[in-house]
**Student:** 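Below you'll find the structure I mean.
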Amino acid sequence: MELNSIKDAFDRVAKKQKLSCCKTQEVIDQVIQEIETAWEMMCSTASDHNLVLAELKKKLNDIAPLSQIEGTQKELNMALSKCLKALEKLFNPDISKAYRNEEFDAHAVNHIIASHFYRQGLFEVGDCFINEAEETDAAVAIRSLFQEMYQILEAMKGRNLEPALKWATNNSDKLKENGSDLQLKLHHLQFVEILQKGSRDEALKYARTHFVPFAGNHMSEIQKLMGCLLWAGRLEQSPYAEVLSPTNWDIVAGELTRQFCNLMGQSYESPLSVTIAAGVQGLPPLLKFMTVMAGKKLEWQSMKQLPVPVELDSEFQFHSIFVCPVSKEQSTDDNPPMMMTCGHVLCKQSINKMSKNNTKSFKCPYCPTDIDAGRCRQLYF
């Protein structure tokens, strides 16, 4: 991997820096020792100060601090220079050749950026951006929603579950539709908090009040929590000590964030973060391709589709795609996937080409079936 070379170069810089620092400290210690020795001689005896200073000067010249430091510092500078060259070689700062000018909906882009700030809890930054972009009206609603979410999450950090439970109760029907058991998880945490304080009766009362609606689908989990009643005030010594793990709170906070965004009609991950991360991954091969195109004096600005694939990881793939096995091109609205009578699928343009624009039948590339182009049907993913 190309990044390994950068890591190796950085490690060499770190090693040389450590050696240079140690050598410099060693020389400084030698100088300090000689100066302290000379000072003690001047203070404790009636010796001639001029002779002591002359002797000190001679010893410092023998130590030659600059000469000792120069060698390691030179090695450090050389390693640092090589590291910078490796960075410049791998990370091309000029990405202008890998993009083309497109007309963006400025309002939509501003909305995405503001939502990113609010999603991260950076409300002052988001407000500043909205004011400068003059998008105040559009951001009021989404700001208030994310602010409510962060107030709930901040309360959870302080082990206060009341705001989260209130929100979950108010949205219980929608949470059920999504198949989420967030409400039970919140009651689980609250039950453990009560029990850990040593109040067995209060915990039992809480369980009877809040666990009953979930007994049908979550009986085993509820039974486990009932077993915790025997260890009130000393759960850390019980077979159920894992219920005290702080990780449980992190998991529930993540689930609450996911469900909150879902009910708002927002994605769990920031669209801006996803877009930038996908761009970072796709940029290097795109830059290489553009360099080849420029060398051949070919124009790509007018292309509807790149002639080479730009692979992205699965987390950046949100929609099903189809690549024609004959033309090796990705399907589009003008060239949709078509299923033949044998069940195999090709793109429309490939079928038209093989059937001479629907004037003759042709054999499927995968099986010996004769295909009538008129009987092919478009597929919708």
Side-chain angles (χ1 to χ4, degrees), residues 115 117-124 142-270 273 315:
S115 297
F117 289 134
Y118 292 145
R119 184 187 294 269
Q120 304 299 320
L122 303 173
F123 296 104
E124 292 184 2
I142 194 167
R143 184 193 193 282
S144 62
L145 289 172
F146 279 119
Q147 192 166 28
E148 180 186 0
M149 184 182 77
Y150 265 87
Q151 287 172 348
I152 294 173
L153 293 175
E154 286 299 315
M156 288 185 66
K157 290 179 181 178
R159 296 298 177 103
N160 178 11
L161 288 168
E162 291 302 323
L165 285 166
K166 181 179 178 181
W167 179 86
T169 301
N170 293 337
N171 295 276
S172 59
D173 293 338
K174 295 179 180 178
L175 291 172
K176 289 178 182 178
E177 291 177 5
N178 292 340
S180 173
D181 59 351
L182 174 63
Q183 201 171 359
L184 175 61
K185 290 178 179 177
L186 290 169
H187 286 308
H188 177 151
L189 293 178
Q190 186 76 315
F191 173 83
V192 172
E193 282 292 294
I194 296 172
L195 197 59
Q196 184 62 3
K197 294 176 182 178
S199 180
R200 181 185 290 109
D201 292 340
E202 186 179 348
L204 181 59
K205 181 180 177 181
Y206 186 89
R208 286 172 173 168
T209 303
H210 299 286
F211 287 167
V212 173
F214 306 99
N217 298 323
H218 302 278
M219 180 56 74
S220 61
E221 181 177 351
I222 294 174
Q223 289 175 336
K224 178 180 177 181
L225 292 174
M226 293 302 97
C228 294
L229 288 169
L230 300 174
W231 299 84
R234 49 195 181 95
L235 278 172
E236 64 279 354
Q237 304 171 12
S238 74
Y240 313 105
E242 70 274 7
V243 299
L244 297 176
S245 173
T247 305
N248 297 329
W249 287 78
D250 296 335
I251 292 173
V252 176
E255 174 67 11
L256 187 143
T257 303
R258 187 181 298 278
Q259 293 302 325
F260 201 107
C261 291
N262 187 21
L263 297 187
M264 281 196 300
Q266 300 285 325
S267 61
Y268 175 63
E269 298 288 348
S270 165
S273 296
E315 63 263 30

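Keep in mind that the numbers below use all heavy atoms, side chains included, and drop hydrogens, waters and symmetry copies. The structure displayed is predicted, hence computed values, not measured ones.
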**Student:** Would I222 and F191 satisfy side-chain contact (heavy atoms from CB on, under 4.5 Å), going step by step from the backbone distance to the final call?
**Tutor:** CA-CA 11 Å; I222 294 174; F191 173 83; over 6 Å; no
**Student:** Looking only at side-chain N and O atoms, does Q120 offer a donor or acceptor that is under 3.5 Å from a partner on S270?
**Tutor:**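 S270 vs Q120: no donor-acceptor pair found between side chains.
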**Student:** Does R258 make a cation-pi contact with Y268, if we ask for NZ or CZ under 6.0 Å from the ring centre and within 45° of the axis?
**Tutor:**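 Satisfied, under 6.0 Å and within 45°.
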**Student:** Could you tell me whether the side chain of L165 reaches within less than 4.5 Å of the side chain of H210, counting heavy atoms only?
**Tutor:**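 Sidechains of L165 and H210: no contact.
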**Student:** Tell me if a side-chain donor or acceptor on N170 pairs with a main-chain N or O of K166 at a distance below 3.5 Å.
**Tutor:**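 Yes, because the side chain of N170 sits within donor-acceptor range (under 3.5 Å) of the backbone of K166.
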**Student:** For F117, check ring-ring contact (aromatic ring centres under 6.0 Å, His included) against everything at least two apart and list the hits.
**Tutor:**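 For F117 there are no ring-ring contact (aromatic ring centres under 6.0 Å, His included) partners, ignoring immediate neighbours.
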**Student:** Could you list all the side-chain hydrogen bond (donor to acceptor under 3.5 Å, both in side chains) pairs where at least one residue sits in residues 192-204, not counting sequence neighbours?
**Tutor:**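 Matches after skipping sequence neighbours: R159-E193, Q196-E236, S199-E202.
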**Student:** If you round to the nearest 0.5 Å, how far is CD1 of I152 from CG of N160?
**Tutor:**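 Output value for this atom pair is 10.5 Å.
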**Student:** Does the side chain of W167 come within less than 4.5 Å of L182's, by heavy atoms?
**Tutor:**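 L182 reaches W167 side chain to side chain.
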**Student:** My understanding is that only residues two or more places apart in sequence, or in another chain, count here; which of them pass ring-ring contact (aromatic ring centres under 6.0 Å, His included) with H218?
**Tutor:**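 Here no residue qualifies.
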**Student:** Side chains of V192 and C228: does their closest heavy-atom pair fall under 4.5 Å?
**Tutor:**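 Of all side-chain heavy-atom pairs linking C228 with V192, none is under 4.5 Å.
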**Student:** Could you tell me the separation between the CG atom of D181 and the NE2 atom of H188, rounded to the nearest 0.5 Å?
**Tutor:**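 One finds 11.0 Å between CG of D181 and NE2 of H188.
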**Student:** What closest approach, in Å, do W231 and Q237 show between heavy atoms, and which atom pair accounts for it?
**Tutor:**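 Result for this residue pair: CZ3-O, 3.7 Å.
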**Student:** Nearest 0.5 Å, what's the CD-OG distance between Q259 and S180?
**Tutor:**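 So the gap between those two atoms works out to 4.0 Å.
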**Student:** Measure the acute angle between the ring planes of F211 and H187, then classify it against the limits of 30° and 60° as parallel, tilted or perpendicular.
**Tutor:**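 Because their plane-to-plane angle is over 60°, the rings of F211 and H187 count as perpendicular.
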**Student:** Under a 4.0 Å threshold between the charged nitrogen and the carboxylate oxygen, would E221 count as salt-bridged to K224?
**Tutor:**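 Salt bridge flag = no for E221 with K224.
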**Student:** Is the backbone N or O of S144 less than 3.5 Å from a side-chain atom of Y118, with the two atoms forming a donor-acceptor pair by type?
**Tutor:**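 No.
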**Student:** What is the distance from atom CG of L195 to atom CG of L225, rounded to the nearest 0.5 Å?
**Tutor:**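 Here the interatomic distance stands at 9.0 Å.
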**Student:** How many angstroms lie between CD in E242 and OG1 in T247, if you round to the nearest 0.5 Å?
**Tutor:**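 E242 atom CD to T247 atom OG1 measures 11.5 Å (nearest 0.5 Å).
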**Student:** Are Q151 and E154 packed together at the side-chain level, in the sense that at least one heavy-atom pair is separated by less than 4.5 angstrom?
**Tutor:**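 Heavy-atom side-chain distance check fails, nothing below 4.5 Å.
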**Student:** First locate atom CH2 of W249, then atom CG of L161, and finally report the distance between them rounded to the nearest 0.5 Å.
**Tutor:**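 W249 CH2 to L161 CG: 4.0 Å, rounded to 0.5 Å.
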**Student:** Within the side chain of N248, is there an N or O that forms a donor-acceptor pair under 3.5 Å with the backbone of K185?
**Tutor:**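 Judged by distance alone, no pair lies under 3.5 Å.
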